There are 2 protein chains.
Amino acid sequence: MPQPDLLPGTLDLLVLKTISRGALHGYGIAQYLLQISDSVLQVGEGSLYPALQRLLVNGWAEAEWRQSETGRRARYYTITAAGKKRLAAEEEQFEKMVGAIHMVLRGRTV
Amino acid sequence: MPQPDLLPGTLDLLVLKTISRGALHGYGIAQYLLQISDSVLQVGEGSLYPALQRLLVNGWAEAEWRQSETGRRARYYTITAAGKKRLAAEEEQFEKMVGAIHMVLRGRTV
DNA sequence: CTGCATACATCGATACTCGATGTATCGCTT
DNA sequence: AAGCGATACATCGAGTATCGATGTATGCAG
């Protein structure tokens, strides 16, 4: 178990943010995350598809079958209004956590 | 499930960093994290003690029974050389992840 | 017509956090 | 001296998430 492919608990955040830029299919989401992160965020399909299901179930995203740019059938995900609210909340929570962790790492004496 | 008490996967990092400042017992570690993070990092005992066990098993920390400042028996944890190496690695990995996630959140077009 | 990239999805194993529960002692207040 | 809150340890089961393996299918290039 050398290194995780991503920080646990942040996948929903990443996916929501990605589809907030425009409708996208699962494979495309994975590609986007890889590219923009310089191959740091390697989200496997076994993590991604369950995550997308979660978003649908919670009403944070909607799905629609369409034709992809390369001609294959693909499921495009769109963020909903509830999803945008959730995204904002998760983003804030994430920054709060990172800030707190940095306090520890910087190691000020209390 | 409103908000998690910490980012999953970062607890070992936090504990290692804390005891790298000097030997400390479990209860004290939780207190320290609370204080320095302004009550953001609320690590429960059910998370902390298993984490400490992990550190011992992996040889990243050593434990010794002593008397606490308040007079009770307490188990003081000290970071080992291997633990310091591990800490550095986890710290680097964490920053890499956070940097990558920020790329997504800032949402540059690729 | 073969292989690779695209595109979907599920499953079991593994790991981690979280809340509840339990024990015990110290020191302060009543 | 009895009671209570804070200190201090630890374990257990439930819930949740990630990961790797596996399976299906199609479009396109060579």
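These figures come from a predicted structure and were not determined experimentally. By convention in this document, chain letters (A, B, ...) are assigned in the order of the sequence lines, proteins followed by strands, and residues within each chain are numbered from 1.
Considering only residues two or more places apart in sequence or on other chains, A:Arg72 meets the salt bridge (charged side-chain N to carboxylate O under 4.0 Å, His left out) condition with none of them. Listed by chain and number, the residues in a salt bridge (charged side-chain N to carboxylate O under 4.0 Å, His left out) with B:Arg73 amount to none (sequence neighbours excluded). Looking at residues two or more places apart in sequence or on another chain, you find no ring pair (Phe, Tyr, Trp, His ring centres under 6.0 Å) involving A:Tyr27. Looking at residues two or more places apart in sequence or on another chain, you find a salt bridge (charged side-chain N to carboxylate O under 4.0 Å, His left out) between A:Arg66 and A:Glu64. Residues forming a salt bridge (charged side-chain N to carboxylate O under 4.0 Å, His left out) with B:Glu62 (at least two apart in sequence, or on another chain): none.
In this structure, CG of A:Asn58 is placed 11 Å from P of D:dT16, rounded to the nearest angstrom. Regarding A:Tyr32, its OH atom lies at a distance of 18 Å from the P atom of C:dT6, rounded to whole Å. Here the P atom of nucleotide D:dG20 and the CG atom of A:Leu48 are 14 Å apart, to the nearest Å. Taking atom CD of residue A:Glu90 and atom P of nucleotide D:dA17, one finds them 10 Å apart after rounding to whole Å. Between the C1' atom of C:dC16 and the CG atom of A:Leu6 lies a distance of 15 Å, rounded to the nearest Å. Taking atom CG of residue A:Leu24 and atom C1' of nucleotide C:dT6, one finds them 13 Å apart after rounding to whole Å. In this structure, B:Leu41 places its CG atom 15 Å from C1' of C:dC18, rounding to the nearest Å. B:Arg54 has its CZ atom 8 Å from the C1' atom of C:dA15, to the nearest Å.
For residues 4-26 of chain A, the set of pairs meeting the ring-ring contact (aromatic ring centres under 6.0 Å, His included) definition, not counting sequence neighbours, comprises A:His25-A:Tyr76. Residue pairs satisfying the side-chain hydrogen bond (donor to acceptor under 3.5 Å, both in side chains) criterion with at least one member in residues 89-103 of chain B, sequence neighbours excluded, are listed as follows: A:Glu95-B:His102, A:His102-B:Glu95, B:Arg86-B:Glu90.
Looking at B:Asp5 and B:Val43, their side chains never come closer than 4.5 Å, going by heavy atoms from C-beta outward.
Residue A:Leu11 is the one, among A:Leu11 and A:Gln67, whose nearest nucleotide of DNA chain D lies closer to the 5' end (criterion: closest heavy atom).
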Notebook entry, point to check: Could you run down nucleotides 6-14 of chain D 5' to 3' and tag each one B, S or - for protein heavy-atom contact under 4.0 Å?
Noted result: -BBBBB---

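Computed from C1' positions of five pairs at each end, the angle between the two local axes of the helix from C:dC1-D:dG30 to C:dT30-D:dA1 equals 10°, rounded to 10 degrees.
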Next item on the list: List the steps, then state whether side-chain contact (heavy atoms from CB on, under 4.5 Å) holds for B:Val15 with B:Tyr77.
Entry: CA-CA 10 Å; B:Val15 173; B:Tyr77 294 86; over 6 Å; no

